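For the numbers below, each heavy atom of this structure counts, side chains included, while hydrogens, waters and symmetry mates do not. Computed from a predicted structure; not experimentally measured. Start at 1 and go down the list; that is how both ligands and their atoms are numbered. One-based numbering along the sequence shown.
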Amino acid sequence: MRKKLVVGNWKMYGNLIENEQLLNTIVSDLAGLKIEQYAVCVPYPYLSSVQNKLKNTNISWGAQNVSQYHKGAYTGEVSASMLNDFGCTFVIIGHSERRSFFGENNDIVAEKYVAAQSEKLIPILCVGETLEQRDRGITKQIIQEQLMTVINKAGVESLRKAVIAYEPVWAIGTGKTATPNQAQEVHVFIRNSIGTQDINIAKESTILYGGSVKASNAAELFAMPDIDGGLIGGASLVADDFVAICNTLNN
Ligand code: PGA
């Protein structure tokens, strides 16, 4: 059976006090629910305090980016082995905000994916089309390119130790969620694309949906056969909303 997962992406939000309050509620409300179904990906400076807070709980943690380089004179960068020092399980790779604001193209994303896996981190590989690309009818082509650049570099086997997140760019932070059918259609496409390489890996791959997931729409999205959970931005900063979305996964 495929693993189901809900991951919070805190983006560049939070501070020590707010994080503490948020995690207190999440930890106590999710205690006792299934292990390794939940994670939060936090800004680098908070990894140490989040690690202290979440170790010995059923919530994992991770980062939102990683350098493609292992070490060296790369001012401002953070390596995968550094993330390991703080017990990270996951790292988000190729989020559309990294692609559009920080110039990460498919090749850089693939290099980061490889760097993460070389340190046994589980990459959460984000793929998704912009509104303009959807309107031009090239959604599948864009996603295919994003996916295949990684598969060509890292091999299809690498997907056994990775998670994919379909995040339509037009749905991120906009309040516009893809309908369950729109999301399902792309999830099937992603699974079939993997299936052309290896049918078993395709069946086992966890594919999350991200883009304005809320407590009110999580259930209908997660009920779709090829949606295995969510990558949650804004709603992951509100403890009750994040807990409600996590609970949806158990239903
Ligand atoms: P959102 O963000 O839930 O705020 O739309 C999702 C994401 O960017 O991962």
Side-chain angles (χ1 to χ4, degrees), residues 4-14 18-19 22 26 37-44 46 50 59-66 88-104 109 112-113 116 121-134 139 142-143 146-147 150 162-180 182-184 186-187 190 206-222 224 227-249:
K4 300 220 165 195
L5 186 67
V6 171
V7 181
N9 172 12
W10 287 6
K11 308 195 181 190
M12 200 172 73
Y13 291 106
E18 283 173 14
N19 299 350
L22 179 60
I26 294 173
Q37 279 194 313
Y38 322 106
V40 287
C41 289
V42 308
Y44 294 139
Y46 301 127
V50 168
I59 303 163
S60 308
W61 60 93
Q64 302 165 15
N65 182 27
V66 68
C88 290
T89 301
F90 296 101
V91 58
I92 298 172
I93 302 281
H95 189 281
S96 67
E97 287 151 16
R98 302 286 328 161
R99 292 177 189 262
S100 62
F101 302 143
F102 301 98
E104 291 187 13
V109 169
K112 290 187 172 207
Y113 175 101
L121 296 164
I122 299 175
I124 300 173
L125 173 66
C126 298
V127 297
E129 81 289 3
T130 62
L131 186 57
E132 189 248 354
Q133 290 163 339
R134 175 163 279 262
T139 296
I142 292 296
I143 286 168
Q146 292 170 336
L147 193 61
V150 169
V163 170
I164 295 169
Y166 168 53
E167 297 210 311
V169 179
W170 48 271
I172 295 176
T174 58
K176 276 188 218 152
T177 318
T179 65
Q182 274 176 324
Q184 167 67 15
V186 178
H187 281 233
I190 292 170
T206 296
I207 308 177
L208 309 180
Y209 169 78
S212 299
V213 178
K214 307 183 257 288
S216 57
N217 61 20
E220 54 176 14
L221 286 160
F222 298 170
M224 301 310 281
I227 300 183
D228 306 312
L231 181 56
I232 320 299
S236 74
L237 299 169
V238 182
D240 289 346
D241 289 355
F242 188 64
V243 166
I245 293 169
C246 289
N247 274 317
T248 304
L249 204 57

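- Classification of Glu104 and Arg98 as a salt-bridged pair holds, one side-chain N sitting under 4.0 Å from a carboxylate O.
- A donor-acceptor pair under 3.5 Å is formed between the side chain of Asn247 and the backbone N or O of Val243.
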Does ligand 1 have any N/O atom under 3.5 Å from a protein N/O, and what are those pairs and their distances?
| unit_1 | atom_1 | unit_2 | atom_2 | d |
| --- | --- | --- | --- | --- |
| ligand 1 | 2 (O) | Lys11 | NZ | 3.3 |
| ligand 1 | 3 (O) | Ser212 | N | 3.4 |
| ligand 1 | 3 (O) | Gly233 | N | 2.9 |
| ligand 1 | 4 (O) | Gly234 | N | 2.8 |
| ligand 1 | 5 (O) | Gly173 | N | 2.6 |
| ligand 1 | 5 (O) | Ser212 | N | 2.7 |
| ligand 1 | 8 (O) | Lys11 | NZ | 2.8 |
| ligand 1 | 8 (O) | His95 | NE2 | 2.6 |
| ligand 1 | 9 (O) | Asn9 | ND2 | 3.4 |
| ligand 1 | 9 (O) | His95 | NE2 | 3.3 |
| ligand 1 | 9 (O) | Glu167 | OE1 | 3.3 |
| ligand 1 | 9 (O) | Glu167 | OE2 | 2.7 |

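- Judged by distance alone, with hydrogens and angles left aside, the side-chain atoms of Tyr209 form a donor-acceptor pair with the main-chain N or O of Gly211 at under 3.5 Å.
- Remark: the Thr206 side chain and the Asp228 side chain contain no N/O donor-acceptor pair separated by less than 3.5 Å.
- Side-chain contact between Trp10 and Leu22 is present, with heavy atoms from C-beta onward closer than 4.5 Å.
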Name each donor-acceptor pair under 3.5 Å that joins a side chain in residues 162-175 to protein atoms two or more places apart or in another chain, with its distance.
| unit_1 | atom_1 | unit_2 | atom_2 | d |
| --- | --- | --- | --- | --- |
| Tyr166 | OH | Glu129 | OE1 | 3.0 |
| Tyr166 | OH | Glu129 | OE2 | 3.0 |
| Tyr166 | OH | Arg134 | NH2 | 3.4 |
| Glu167 | OE1 | His95 | NE2 | 3.2 |
| Trp170 | NE1 | Glu129 | OE2 | 2.9 |
| Thr174 | OG1 | Trp170 | O | 2.8 |
| Thr174 | OG1 | Ala171 | O | 3.4 |
| Thr174 | OG1 | Lys176 | N | 3.1 |

